[in-house]
**Q** 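Take this structure first; my questions come after.
Given the structure is predicted, the values throughout are model-derived calculations rather than measurements. Chain identifiers are assigned alphabetically (A, B, ...) following the order of the sequence lines, protein sequences preceding nucleic acid strands; residue numbering begins at 1 within each chain.
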Number of protein chains: 2
Amino acid sequence: MEPKAKRILIADDEPDILEIVGYNLSKEGYEIYTAKDGSEAVAQAKLLKPDLIILDVMMPRKTGVEVCQLLRSLSDFQDTLIIFLTAMSDEASQIKGLETGADDYVNKPISPKVLVSRVNALFRRLNKEDGKTVNVGNIQIDPVKFIVAIDGSEVILAKKEFELLYLLASRPGRVFLRNEILSQVWGSEVIVGDRTIDVHIRKIRQKLNVDCITTVKGVGYKFEL
Amino acid sequence: MEPKAKRILIADDEPDILEIVGYNLSKEGYEIYTAKDGSEAVAQAKLLKPDLIILDVMMPRKTGVEVCQLLRSLSDFQDTLIIFLTAMSDEASQIKGLETGADDYVNKPISPKVLVSRVNALFRRLNKEDGKTVNVGNIQIDPVKFIVAIDGSEVILAKKEFELLYLLASRPGRVFLRNEILSQVWGSEVIVGDRTIDVHIRKIRQKLNVDCITTVKGVGYKFEL
DNA sequence: GTTCCATCTTAACATTAAGTTTACACAAAA
DNA sequence: TTTTGTGTAAACTTAATGTTAAGATGGAAC
């Protein structure tokens, strides 16, 4: 029934926190690993490939944010869940955390109950195969928040534009035929004219203002930085 | 993996039903207990304090309705979830069931899939009520006191308005699809018209008088300052 | 029971944004 | 040069949401 115990890596410089959080999560059946600073967290993460990483924002030798950015730039950690522990309860830092590619954040002081339920919720969401955030270079595409961010600054795309970009960006470098795009984004029954795709591509290019969609004449389009 | 396995008591006089329902729910990670008539159900309930009780309406030695009424009169069972299984699909009996204090009902013949999803939905709804105050920017939402405050000054919202706002604000930035909103706020069984959500959104915007709910056309709404 | 009141829902219509098509420009290949 | 495929702006169409007001419902006060 239990697929296999999920691995959780917890990084915090306060031993008390490691212990209490670790205890509560292992009680839930998770496999717990710990790290006491940012560098150790990165090393452990690479070694263990955990399913979820809980990062304190304020840590010696790399902050949680730095760890997160570093890991997210590696292909192995695109899908790894990341939760920030933060003492800063103000919105600015919360948003910054999530923009960095975290999946959730929990404010200190920590209630073990809250943290556990957030962790469970994240795994539940994952199982539902919710759309995953796509991270390519300095572009981040978050289907949960319906946001595209370039270097942290948001760009607002309409639904079709977003879906189209998400499709292309989900497999960078791969060329998508016009047919494929149509059936994926518009649905196989819908019939639209030839220029419709072009127009949407143009709008994305315009809004992103970054040269990331390449035309492959006679074939289709691909996402590429 | 779940906080702790939820206990479910199933009461039905048909062994087949007990078995198939029990099997499907235990597969979901619930702890299953069974009773084969009304009196046994009451006894088991008092003993086990289950989180959810599934009651067949037609049972020997106390009908499901009687069991429900009896338990609801005890302080220990105010918060226990109760689902009726009923062969009577007519509206009258359904309404009567809910008035008695049941949280949901499922018509026979039972589709295990439907039942499981109803059960999950109920627990989800319950978890939502683990009521933690949401604090975003200058807005404070307290689900226990049922109060919304902006910069300390209270705003009075009606129930649905409150639940809707609470849902959105509990995950700032995340887009909630209309479907999600419906099933979380209205419940998965209820069917309401298309404009209902909009109207409630409008009222919230009006009352809060703060631009914090963003429309994502074709997708849903999100809370954002 | 009747009245009153707030909430919730619906219906009808207005408004806006999104999506599509048109028409033509342009560029590269044949 | 002609052909083919794509880029682009603007006009147009459609779909989604906003808005208002009018029932429906149910509980509380009288």
**Q** Specify the separation, in whole Å, of atom NZ of B/Lys160 and atom P of C/dA6.
**A**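 Rounded to whole Å, this separation is 19 Å.
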**Q** Please work out which of the three classes, parallel, tilted or perpendicular, describes the rings of A/His200 and A/Trp186, given edges at 30° and 60°.
**A** perpendicular
**Q** Output the rounded distance in Å from CG (A/Leu177) to C1' (D/dG5).
**A**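 Taking CG of A/Leu177 and C1' of D/dG5, I get 15 Å after rounding.
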**Q** I'd like to know if the side chain of B/Glu180 reaches the main chain of B/Leu177, judged simply by a donor and an acceptor atom lying under 3.5 Å from each other, with no hydrogens or angles considered.
**A** yes
**Q** Quick check on C/dT7: is either OP1 or OP2 less than 4.0 Å from any side-chain nitrogen or oxygen of B/His200?
**A**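 No, outside the criterion.
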**Q** Is there a salt bridge (charged side-chain N to carboxylate O under 4.0 Å, His left out) between A/Lys145 and A/Glu154? Walk through the geometry before answering.
**A** CA-CA 11 Å; A/Lys145 297 184 145 199; A/Glu154 291 181 13; over 6 Å; no
**Q** Does the Lys NZ or Arg CZ of B/Arg178 fall within the cation-pi geometry relative to B/Phe176 - under 6.0 Å from the ring centre and within 45° of the axis?
**A**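 No - B/Arg178 does not lie over the ring of B/Phe176 by the 6.0 Å and 45° rule.
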**Q** What pairs of residues pass the ring pair (Phe, Tyr, Trp, His ring centres under 6.0 Å) test when at least one of them lies in residues 206-225 of chain A, not counting sequence neighbours?
**A**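 Of all non-adjacent pairs touching residues 206-225 of chain A, none passes ring pair (Phe, Tyr, Trp, His ring centres under 6.0 Å).
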**Q** May I have the distance from B/Ile156 (atom CD1) to C/dC5 (atom P), rounded to whole angstrom?
**A**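 My rounded result for the distance is 17 Å.
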**Q** How close or far is atom P of C/dT22 from atom CD1 of A/Ile197, stated in whole angstroms?
**A**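 It is 16 Å, rounded to the nearest whole Å.
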**Q** Should B/Glu224 and A/Ile147 count as side-chain neighbours, where that means a heavy-atom distance under 4.5 Å?
**A** yes
**Q** Could you give the CD-to-C1' distance, from A/Glu163 to C/dG19, as a whole number of Å?
**A**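 The distance from CD of A/Glu163 to C1' of C/dG19 comes to 12 Å, rounded to the nearest Å.
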**Q** Quick one: what's the B/S/- string for nucleotides 15-22 of chain D, heavy-atom cutoff under 4.0 Å, read 5' to 3'?
**A** -BBBBB--
**Q** Just N and O in the side chain of A/Trp186: are any of them under 4.0 Å from OP1 or OP2 of C/dG19?
**A**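 A/Trp186 to C/dG19 OP1/OP2: no side-chain N or O under 4.0 Å.
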